[in-house]
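Working notes, structure below.
For this chain, numbers begin at 1 and follow the sequence in order.
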Amino acid sequence: MLFFSLSVFLSFGCSNTEEVISRIAKEEKNEEKADTLKSKTISILSLGDSYTIGESVCVSCKFPEQLKEGLLNSFGSNTSIDLKVIARTGWTTTNLINAVASENVANNYNLVTLLIGVNNQYQNKPFSLYELEFPALVAAAIKKAKSSSGKVIVVSIPDYAYTPFGEGDIKISNGIDKYNAFAENYCTKKNISFINITDITREGLKNKDLVASDGLHPSELAYSKFVERILPVAISKLEN
């Protein structure tokens, strides 16, 4: 009789335990679902020059805006994105450093992009200036990205030689290669994501649709091709 009672008790106890475990698991699953449904805001800072501000293309055509749209499509309607762009046509690394300092933006961005250097090359600035100031800008980008190098994306400099303005000038391409090589090597050493989009712009003389109406800057189509490469990296960074 005692054995029978004990068996019933154990059986009843195990049953209750299983029900409790099942209920806890269900509640945790519901909480996870609720967290997923909560609205989320992603903040992005894009630093650069005419290639970031989107010279000669519409406001929504520049690559930071197309990146924003791609992220919204990826993360769903419960996500909102705050995008801040610090860029201007003609800016060198020096101009961008000064602008970032004067803007005094917060250090809590979820993602920071950096594309700079073409005007150093175009204005024949000493290459040593880029060697000094590019690392300073990367450091600034990291600081703005919550001091996380894993939240920074550096984009290579487009090659304007492959536009009606550049007329295929090999000297321009050689100069761009020099700047990009330095930037890529630096990023590789520092384990910072470097996205090469230069080859896309080198189709500009063959495919006129890749060049904006001014005959110099990338078009909306070119920027969309940039974003095809940048977006997967950005998504991965924002998910981690």
Side-chain angles (χ1 to χ4, degrees), residues 46-57 61-64 66 85-100 113-141 152-190 192-230:
S46 289
L47 307 174
D49 48 39
S50 60
Y51 295 135
T52 297
I53 201 64
E55 182 70 26
S56 297
V57 297
C61 299
K62 58 189 177 185
F63 92 79
Q66 291 199 47
V85 176
I86 302 179
R88 188 171 297 176
T89 299
W91 272 2
T92 63
T93 49
T94 304
N95 298 131
L96 185 55
I97 285 174
N98 293 336
V100 172
T113 68
L114 174 64
L115 197 177
I116 193 69
V118 69
N119 293 298
N120 289 62
Q121 184 274 332
Y122 179 70
Q123 297 177 25
N124 293 313
K125 299 293 184 181
F127 187 71
S128 58
L129 181 66
Y130 190 74
E131 292 177 307
L132 177 67
E133 292 187 340
F134 176 77
L137 282 167
V138 171
V152 174
I153 296 175
V154 175
V155 182
S156 71
I157 303 169
D159 188 352
Y160 66 94
Y162 290 82
T163 66
F165 178 88
E167 298 181 328
D169 188 344
I170 191 64
K171 291 181 180 179
I172 295 173
S173 295
N174 290 339
I176 298 298
D177 282 344
K178 184 177 181 180
Y179 277 83
N180 279 332
F182 176 82
E184 184 172 13
N185 288 336
Y186 182 83
C187 289
T188 299
K189 290 178 181 177
K190 298 294 182 178
I192 296 166
S193 296
F194 181 89
I195 307 297
N196 178 29
I197 52 80
T198 309
D199 60 312
I200 295 171
T201 62
R202 285 178 171 163
E203 296 295 320
L205 289 177
K206 295 179 182 178
N207 184 357
K208 294 181 180 179
D209 290 339
L210 294 173
V211 183
S213 59
D214 65 358
L216 172 60
H217 290 91
S219 66
E220 177 184 1
L221 174 62
Y223 286 131
S224 70
K225 291 181 178 294
F226 293 6
V227 172
E228 286 177 4
R229 297 183 182 181
I230 299 170

Sequence neighbours excluded, every pair satisfying salt bridge (Lys or Arg N to Asp or Glu O under 4.0 Å) that has a member inside residues 214-228: none
Shortest non-hydrogen separation from Asp49 to Ala87 and the atoms involved: O-CB, 3.5 Å
Enclosure of Arg88 CZ (heavy-atom neighbours >12, cutoff 6.0 Å): no
Residues which pass ring pair (Phe, Tyr, Trp, His ring centres under 6.0 Å) with Phe194, listed by chain and number, not counting sequence neighbours: none
By side chain to side chain donor-acceptor pair (under 3.5 Å) - contacts of Thr201 (at least two apart): none
Residues which pass disulfide bond (SG atoms under 2.5 Å apart) with Cys187, listed by chain and number, not counting sequence neighbours: none
Side chain proximity check, Val100 to Leu47, heavy atoms < 4.5 angstrom: yes
Listed partners of Phe63 passing ring pair (Phe, Tyr, Trp, His ring centres under 6.0 Å), at least two apart: none
Listed partners of Tyr122 passing side-chain contact (heavy atoms from CB on, under 4.5 Å), at least two apart: Tyr160, Phe165
Side chain to side chain donor-acceptor pair (under 3.5 Å) partners for Arg229, two or more places apart: Asp199
Pairwise distance CD(Gln121) to CG(Asn124) - rounded to 0.5 angstrom: 7.0 Å
Asn196 to Thr198 - nearest heavy-atom pair and separation: OD1-N, 3.1 Å
Distance-only side-chain donor-acceptor flag, Thr93 / Asn120, under 3.5 Å: yes
Residues Ser213, Ser56; criterion side-chain hydrogen bond (donor to acceptor under 3.5 Å, both in side chains); working and verdict: CA-CA 7 Å; Ser213 59; Ser56 297; 5.0 Å; no
Set of residues satisfying side-chain contact (heavy atoms from CB on, under 4.5 Å) with respect to Glu203, sequence neighbours excluded: Lys206, Leu210
Interatomic spacing from CD in Glu184 to CD1 in Ile195 - rounded to 0.5 Å: 10.0 Å
Contact list for residues 124-134, test salt bridge (Lys or Arg N to Asp or Glu O under 4.0 Å), sequence neighbours left out: none
Minimum heavy-atom distance Pro158-Ile197, with the two atoms named: CG-CD1, 3.8 Å
Atom pair CG (Leu132) and CG (Leu137), whose distance is rounded to the nearest 0.5 Å: 10.0 Å
Close side-chain approach of Phe134 to Leu114, heavy-atom, < 4.5 Å: yes
Distance-minimising heavy-atom pair for Val57 and Ala212: CG1-CB, 4.2 Å
Which atom of Ser224 lies closest to which atom of Leu221, heavy atoms considered: OG-O, 2.5 Å
Partner residues of Thr89 under the side chain to side chain donor-acceptor pair (under 3.5 Å) criterion, sequence neighbours left out: Glu55
Distance-only donor-acceptor check, side chains Asn95 and Thr92, under 3.5 Å: yes
Any pair counted as side chain to side chain donor-acceptor pair (under 3.5 Å), so long as it reaches residues 161-176, sequence neighbours left out: Asp159-Ser173
CD1-CD1 distance between Ile97 and Ile116, expressed to the nearest 0.5 angstrom: 9.0 Å
Close side-chain approach of Phe127 to Phe182, heavy-atom, < 4.5 Å: yes
Set of side chain to side chain donor-acceptor pair (under 3.5 Å) partners for Thr52, sequence neighbours left out: none
Closest contact, heavy atoms only, Lys62 versus Tyr223: CA-CD1, 4.0 Å
